[in-house]
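Scroll down for the structure; my scribbles are underneath it.
No hydrogens, no waters, no symmetry mates; every other heavy atom, side chains included, goes into these values. The sequence lines fix the lettering, A, B, ..., with proteins before strands; numbering per chain opens at 1.
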Amino acid sequence: MEIPVLECRNLSISYYTRQGEVPAVVDFNLRLMPGEAHGIVGESGCGKSTVALAIMNYMGRNGAIVGGEILFEGRDMRTMSAEELRQIRGAKIAMVYQEPMASLNPSMKIAEQLAEVPMYHEGIGEAEALRRAEKMLVQVRLPDPQRIMNSYPHQISGGQQQRVVIAMALLSNPRLLLLDEPTTALDVTVEAGIVDLIKEIARTTGTSLIYISHNLGLILETCTRLTVMYSGEAVESGDIHAVFDEMRHPYTRGLFNSIPLPGADKNSRPLVAIRGQLPLPHARPAGCYFAPRCDHFAAGVCDHRPLPMRAVAEGASHAVRCARFAEIDWAAATLPHTPREKVLAGELVLSVEELTKHYTVESSGAFLVGARRTVKANEQISFAAREAETVAIVGESGCGKSTFAKVLMGLEDATSGRVQLGDLDLANLPVQSRNERTIARLQMIFQNPFDTLNPSHTVGAQISRVIRKFGVERDPEKVEARLNQLLDIIKLPREFAHRRPRQLSGGQKQRIGIARAFAGDPKVVIADEPVSALDVSVQAAVTGLLMDIQRDNRTTLLFISHDLSVVRYLADRVVVMYLGRIMEKGSTEEIFAPPYHPYTEALLAAVPIADTSVRKRRIVLSGEIPSPSNPPKGCPFNTRCLYMMAGTCDAIPPPQREFAAGHVIACHLPRETLLAMEPVISIAPA
Amino acid sequence: MLKLIASRLLQMLLIMVVVSLLLFLIFDSDKFKKQIAVAELGGFAVSALSEQDYEAWLEKKGLNVAFYERYAKWASGVAHGNLGRSFEKNEPVLSLVAERLTNTGILAFWVFALMIPLSLGLGIVAGMKEGSKRDRVVSFVAVFTTSLPEIATAIIVTVVFALGLRWVPANSSMVNGWDWRQLVLPVMTLVLYDFGYVARMTRASMAEVMTSQYIRTAVLKGLPYRRVIMRHALRNALIAPFTIIVLQLNWLLSGVVVVEVFFQYAGFGKLLLDAALFGDVYVIQAATLVAVCVAVVSQIISDVGYTLLNPRIRFG
Ligand code: SF4
Ligand code: SF4
């Protein structure tokens with residue numbers, strides 16, 4: 001019989017803190033055969049990264065394996081000496097980390113960081129090691145490997161750094177590659193390139209993979225088997241298709257219901273969030289850890305242990321940790337839909353015309369006097385938003401979406417152009433000279449609720465202040481009433497008014513952020529990546545809430561995001577930006593169906609989708625996003641575009657082609673070519 | 001970078017002008033003039049002096065002209081390399097300051113020569129494994145020696161090594177010519193006082209580096225521990241202590257008054273103190289200029305060094 005590359009048997013890992021022993025992972029089992037790719041998926045705090053570090057036997061001073069064993073090629077790693085471990089690390093088991101920049105040594109050149117791997121593991125000479133390193137950089141498809149070898153980590157982009165880390169991991173042909181959220185810090189089109197590379201590695205080298213991610217779509221793209229973790233234990237595991245198509249654990253089901261898959265729609269098939277929140281490790285319930293959040297909880301069955309993993313059928317490799325999986329009627333348990341009416345958009349509320357924002361930055365060379373450069377953060381942005389409408393602004397880093405939000409808020413002056421809110425031109429009205437009413441009419445929800453709440457005041461006081469300041473209510477009793485009403489709307493208990501921000505979870509803070517933004521009855525709310533810092537199940541709850549309030553108040557929502565799945569789910573209209581310019585704009589249906597702008601097409605193809613019935617066309621962009629301080633001439637997308645026509649695209653700015661009223665694509669491609677594009681996403685008949 | 005250095009130097013000139021003006025203004029008061037007279041002629045003689053004779057004395061010393069005239073004269077002298085004469089010692093200030101600076105320089109050299117390896121070594125050993133026994137011992141010693149005031153350390157080492165064990169002399173005035181044995185106690189006192197601070201900074205910096213993700217990467221690459229420490233950790237960990245060490249130059253110039261006076265060591269700090277007590281304005285001026293100069297230059301060295309050590313800034 002073939003020996004598994006890695007086997008975890010009843011593995012338990014604890015951390016020792018001042019409060020005592022905190023079990024981080026309990027009773028974890030995994031069997032990884034040669035050439036297999038196994039995904040571990042779960043939300044933050046579920047213990048998935050702890051498993052990876054335990055496999056590497058690197059748990060810091062206060063972590064320890066308290067039970068079970070980890071066998072690497074049949075040998076128990078816990079009994080290995082430090083020297084034996086060293087010989088395995090980096091040679092037979094290699095790891096790729098979430099933050100490529102932080103995982104590379106800032107003061108060593110890439111060449112040395114790569115070359116030392118074979119030098120120390122195989123004892124080869126430096127010249128030979130450098131040659132191998134450079135060859136590996138070519139294999140991970142880095143352009144100009146010579147230059148990269150001679151660079152320090154901060155001199156190359158995030159995507160390139162991650163390729164370097166992958167090259168480093170592959171240099172000594174490992175038997176097992178651990179990938180811990182390898183693309184979470186990267187833009188989607190860059191992520192797509194890395195995922196493509198990882199798949200190729202798995203195919204060509206026969207290396208086994210463990211891919212850790214919170215993103216079910218990525219796991220589906222890269223793995224053949226998966227384990228779903230919740231609160232420190234595996235709750236479901238099996239073949240990827242079995243789990244994705246016939247999930248048998250209420251938590252897995254809940255996860256799938258809360259991510260926006262192509263079929264979801266805010267009106268006909270709204271997302272369903274998992275209620276409640278993850279229990280803290282020392283406050284886990286006695287029986288099933290998921291019990292307080294589970295719709296199928298049954299007293300007497302679910303509230304005691306042991307609760308082992310059980311195969312769903314005799315001999316099946318698909319197993320779940322649920323006492324009632326066999327009794328639950330899974331077909332009936334699908335989504336309790338409550339379809340809602342589509343909201344009709346009203347009057348024009350906000351119109352932006354040819355808005356341009358340039359910065360000058362001084363680039364400081366080492367010993368030279370800095371040269372001035374212009375960053376064109378926004379170039380001639382035009383669009384309009386109506387009452388009760390959601391307009392999404394989509395793009396990757398450097399596309400200028402956050403600068404745009406700042407200009408709207410009056411935190412930055414526009415270089416030229418007009419922003420009309422009602423009858424007011426805001427383009428050059430800095431926030432200091434806006435009156436209270438204007439500020440109240442335009443509010444913002446930030447990505448990171450932690451940064452915008454004052455840690456020393458109760459959240460109630462902070463919201464009340466906004467209510468008074470914007471003159472919604474002045475009378476203390478009425479302020480209080482309004483505060484309570486807001487807390488009810490954001491579905492937090494009224495006692496929460498007395499809490500301070502640090503006593504709240506991330507999702508609760510973001511709810512407070514929403515309450516504060518809506519406290520002054522705004523006409524327009526700008527939400528800058530409001531849910532991207534939150535876990536998926538919480539994301540669904542927060543987006544749902546945001547949409548409910550917007551619907552009730554007929555607010556205009558500008559939703560700034562990099563996540564096309566969320567955008568497709570909740571936006572009415574979409575503006576796609578790249579390097580400060582609008583590439584395409586139109587209604588959501590128009591954006592997600594041909595004709596596409598070539599960038600939109602690539603963006604759509606890059607988003608991983610957690611649905612086995614979805615088929616995507618493979619479009620992988622090469623290269624990186626250029627710097628906005630030095631954008632390419634002509635069409636800004638020409639350095640990566642697969643349709644790029646030399647002589648035209650790299651010289652002349654593309655024309656705006658209108659395909660339907662309001663659907664505009666900025667591209668040189670002839671109309672017919674654009675119209676002839678195939679859909680990127682298709683749903684295979686089941 | 002050049003721009004930075006230039007602006008720092010300009011800043012230095014400005015400080016020099018302002019400080020020297022201020023000092024002149026302070027020492028121009030009648031009280032200080034009288035004090036010089038008392039110090040030179042004796043208290044009794046001065047009180048017996050008639051108004052006229054006092055005026056004559058002032059004239060002889062060049063103290064009777066308006067202060068801005070004196071300042072202008074002094075400033076142009078400085079520009080030509082003439083720092084004036086000391087009232088107290090009746091010597092050219094230049095040679096006096098130069099001699100004392102050399103003495104302090106020798107002291108500083110030995111303090112650095114011992115303190116740098118000691119504190120960096122201990123700091124690194126401690127920071128390598130935060131919370132280990134070694135770390136706790138080093139941290140305790142470092143806190144202890146630093147928290148003792150210099151004067152207490154000076155007394156302790158004198159009692160133990162000079163009076164008790166009689167290994168070295170207690171007095172470092174070197175009246176009978178240069179003697180390295182007289183240097184031992186002042187150096188020891190300063191090293192004891194200072195190494196703890198630098199060692200703790202080094203420890204903190206090293207401990208931070210050891211928890212960084214790139215050290216984790218280095219360990220999980222399977223590099224030998226030695227290589228992880230020597231090649232991956234050290235360079236990054238030494239950036240912060242380097243700047244601190246350079247800034248210690250400053251402290252060694254003027255912060256060592258207590259030690260120099262205690263051991264009667266004829267150094268720069270003692271010169272400054274004597275001059276201040278005497279009201280020896282030209283010496284004070286010259287010493288202040290030197291101190292400002294050293295402060296700014298060490299700041300520049302530390303900035304430039306920081307940039308050179310840190311590729312992230314070097315190739316920004
Ligand atoms: S064991 Fe009970 S509470 Fe736990 S997931 Fe299954 S049905 Fe829900
Ligand atoms: S204009 Fe040219 S480079 Fe730009 S998107 Fe169209 S085809 Fe591509």
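- Counting non-hydrogen atoms of neighbouring residues, nucleotides and ligands closer than 6.0 angstrom, the CD atom of B:Gln299 exceeds 12 such neighbours.
- B:Arg216 places a side-chain heavy atom less than 4.5 Å from the side chain of A:Leu53.
- For OH of A:Tyr16, the number of neighbouring non-hydrogen atoms (other residues, nucleotides, ligands) closer than 6.0 Å is greater than 12.
- Contact annotation for A:Ala94: neither backbone nor side-chain heavy atoms come within less than 4.5 Å of a heavy atom of chain B.
- Scanning residues 85-92 of chain A against chain B with a 4.5 Å heavy-atom cutoff picks out A:Arg86, A:Arg89, A:Gly90, ordered by number.
- Taking a 6.0 Å sphere around CD of A:Glu83, one finds it holds more than 12 heavy atoms contributed by other residues, nucleotides or ligands.
- Using a 4.5 Å heavy-atom cut-off against chain B, the contacting residues of residues 167-175 of chain A are A:Met168.
- Using a 4.5 Å cut-off on side-chain heavy atoms (C-beta onward), B:Lys221 and A:Gln113 make contact.
- Contacts of A:Met95 with chain B are made by side-chain atoms alone, with heavy-atom separations under 4.5 Å and no backbone atom involved.
- Atom-to-atom distance recorded for A:Met119:CE and B:Leu223:CG is 10.5 Å, nearest 0.5 angstrom.
- Inter-residue side-chain proximity for B:Asn236 and A:Pro106 is flagged as met; some heavy-atom pair is nearer than 4.5 Å.
- From B:Ile239, atom CD1 reaches atom OG of A:Ser107 across 6.0 Å, with rounding to the nearest 0.5 Å.
- Atom OH of B:Tyr225 is surrounded by more than 12 heavy atoms from other residues, nucleotides or ligands within 6.0 Å.
- For chain A, no part of B:Val209 is nearby; none of its heavy atoms comes within less than 4.5 Å.
- One finds the OG atom of A:Ser103 at 12.0 Å from the CD1 atom of B:Ile215 (value rounded to the nearest 0.5 Å).
- To the nearest 0.5 Å, atom CG of residue A:Asn105 and atom CZ of residue B:Arg231 are 7.5 Å apart.
- You'll find the side chain of B:His232 reaches within 4.5 Å of the side chain of A:Glu116, heavy atoms only.
- To the nearest 0.5 Å, atoms CG (B:Leu220) and OH (A:Tyr58) are separated by 6.5 Å.
- With respect to the salt-bridge test (charged N to carboxylate O, under 4.0 angstrom), the residues A:Glu112 and B:Arg227 qualify.
- In this structure the side chain of B:Tyr214 never reaches within 4.5 angstrom of the side chain of A:Leu104, judged on heavy atoms.
- The number of heavy-atom neighbours closer than 6.0 Å to OH of A:Tyr359, taken from other residues, nucleotides and ligands shown, is above 12.
- In A:Glu128, the CD atom is crowded: over 12 heavy atoms of neighbouring residues, nucleotides or ligands sit closer than 6.0 Å.
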